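Naming: A, B, ... by sequence-line order, numbering from 1 per chain. Values reported hereafter were calculated over all heavy atoms of this structure, with side chains retained and with hydrogens, waters and symmetry mates removed. Everything numeric in this text was worked out from a predicted model, so none of it was measured.
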Amino acid sequence: MIQSVSKLKSKFQEINIRDTINSGQVFLWEKKRDKWYGIDGEKILVIDEKKREFRKNNDEFYFFRQNDNFEEIYSYLKKDKIVKKALREFPGIRLLQQDPFQCYISFIVSSNSNIPNIKTRLQNLCRKFGEKKVINSNEFFLFPKSSVISNASLSQILDCGVGYRAKSIKEASVAVTRGEIDFENLKNMNYYEAKQELVKVLGIGNKVADCILLFSLNKLEAFPLDRWMLRILQKYYSNKFEPATKTITDKTYESIHQKVVKHFGKYAGYSQQFLFKMERELNNKKWL
DNA sequence: ACCTGACCTCGTCT
DNA sequence: AAGACGAGGTCAG
């Protein structure tokens, strides 16, 4: 009994790179031989798939949130029976701390779409507007700077296959170059203040804002409520939260979020990541 | 204030 | 092989 608990705990402390990359947080990662290559803003991260921990203070250390207190997070996560089950199945998943601008554009691009499409569009944006780099004789394109997208024409952005999202992508980039959206400021605000700023941007609603807050702005109580999460809440928690519908109003979203934080605690975002991974795998959904 | 439909594209399915 | 379907939402009316 004691042994199985401590075994789960020690497993939880080991990162699983592949599961983490394939948990819907990032789109610009690919595996070549035994290494994963990922674009994070103007950096390229190269990680051995077998890697289980990182030396303190390098880029990967922060990207995989190794400075989080897992003992404490674990103690919150295991309180919920379903999350505990997901944790047992995918103990090596981590939240990621991504480059904010890339994350911001990525989730604007993600709306009403699916992972293969999102990935293609983001690759197109990088190829068209990003700087080329060669690593281990592999060619990569960095994520574009906000200034480059700001100055691009709508038709250039449309060439990337983003459809009606082109206008949002452009306006969102302009907001950053003008300083109306300042990610360092947002990091210093609380969850509600930061979210309020984000949803002012065209193309950012409740769900996209929560993804940006959770995956790049260090707001661990953010709990993106997409179709999947609503389905999960209905399936495993029946009527504890709200009746599930395809679309929900701002007010309902807010009300569910409050109940969610009350139930899952201040690391609700971590809980969400485990639940999401478990249910998507259960339904054989595609990753990268 | 809440509710509805339209929306670009493209990978998948038939 | 061509045509329809729908996808981790958002916005306007």
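For Arg280(A), a side-chain nitrogen or oxygen approaches OP1 or OP2 of dG8(C) to under 4.0 Å. Put simply, Arg121(A) has no side-chain N or O that comes within less than 4.0 Å of OP1 or OP2 on dT9(B).
One finds no salt bridge joining Lys119(A) and Glu30(A) here, because no Lys/Arg side-chain nitrogen approaches an Asp/Glu carboxylate oxygen to under 4.0 Å. By the 4.0 Å N-to-carboxylate-O rule, Arg231(A) lies too far from Glu279(A) to be salt-bridged with it.
For the P atoms, the distance from dG13(C) to dC8(B) is 14 Å, rounded to whole Å. A gap of 22 Å separates the C1' atoms of dC3(B) and dG8(C), to the nearest Å.
Rounding to whole angstrom units, CH2 of residue Trp228(A) and P of dA7(C) are separated by 9 Å. Computed from coordinates, the Lys195(A) NZ to dG9(C) P distance equals 14 Å when rounded to whole Å. With rounding to whole Å, Ile115(A) atom CD1 is found 19 Å from dG6(C) atom P. Put simply, CG on Asn124(A) is 14 Å from C1' on dC8(B), counting in whole angstrom units. Atom P of nucleotide dA7(C) and atom NZ of Lys286(A) are separated by 15 Å, given to the nearest angstrom. The CD1-P distance, from Ile169(A) to dG9(C), rounds to 16 Å in whole Å. With rounding to whole Å, Phe215(A) atom CZ is found 14 Å from dG8(C) atom P. When the P atom of dC13(B) is taken as reference, atom CG of Asn284(A) falls 11 Å away, rounded to whole Å.
Residue contacts shown for Ile204(A) are limited to sugar-phosphate atoms, with no base heavy atom under 4.0 Å away. Ser113(A) comes within 4.0 angstrom of a base, heavy atoms only. In this structure, Asn206(A) reaches the sugar-phosphate backbone alone: every heavy-atom distance under 4.0 Å involves primed, P, OP1 or OP2 atoms, never a base. Within the nucleic acid shown, Val201(A) comes within 4.0 Å of sugar-phosphate atoms alone, with no base atom in reach, counting heavy atoms only. Contacts of Ser106(A) with the nucleic acid, taken as non-hydrogen atoms under 4.0 Å apart, are absent.
Centroid-to-centroid, the aromatic rings of Phe223(A) and His263(A) stay 6.0 Å apart or farther.
The nucleotide dC10(B) finds its pairing partner in dG6(C), both defining distances of the Watson-Crick or G-U wobble pair being shorter than 3.5 Å. Nucleotide dC2(B) forms no Watson-Crick or G-U wobble pair with any nucleotide shown, as no partner meets the under 3.5 Å limit on both distances.
Judged by distance alone, the side chain of Asn185(A) and the main-chain N or O of Ile181(A) form no donor-acceptor pair under 3.5 Å.
Along DNA chain B, the nucleotide nearest Lys251(A) and the nucleotide nearest Gly163(A) are compared for position; the residue whose nucleotide lies closer to the 5' end is Lys251(A). Annotation: of the two residues near DNA chain C, Phe276(A) and Gly203(A), the 5′-most nearest-nucleotide partner is Phe276(A). Annotation: of the two residues near DNA chain B, Asn114(A) and Thr249(A), the 5′-most nearest-nucleotide partner is Thr249(A).
With dG9(C), dG8(C), dT9(B) as the choices, the nucleotide that has an atom nearest any side-chain atom of Asn117(A) turns out to be dT9(B).
The hydrophobic clustering, which links ILVMFWY residues whose side-chain heavy atoms are closer than 4.5 Å, places Val148(A) and Phe141(A) apart.
Side-chain N/O atoms of Tyr164(A) and base N/O atoms of dG9(C) include a donor-acceptor pair closer than 3.5 Å.
Using bins of under 30°, 30° to 60° and over 60° for the plane-to-plane angle, the ring pair Tyr76(A)/Tyr267(A) lands in the perpendicular bin.
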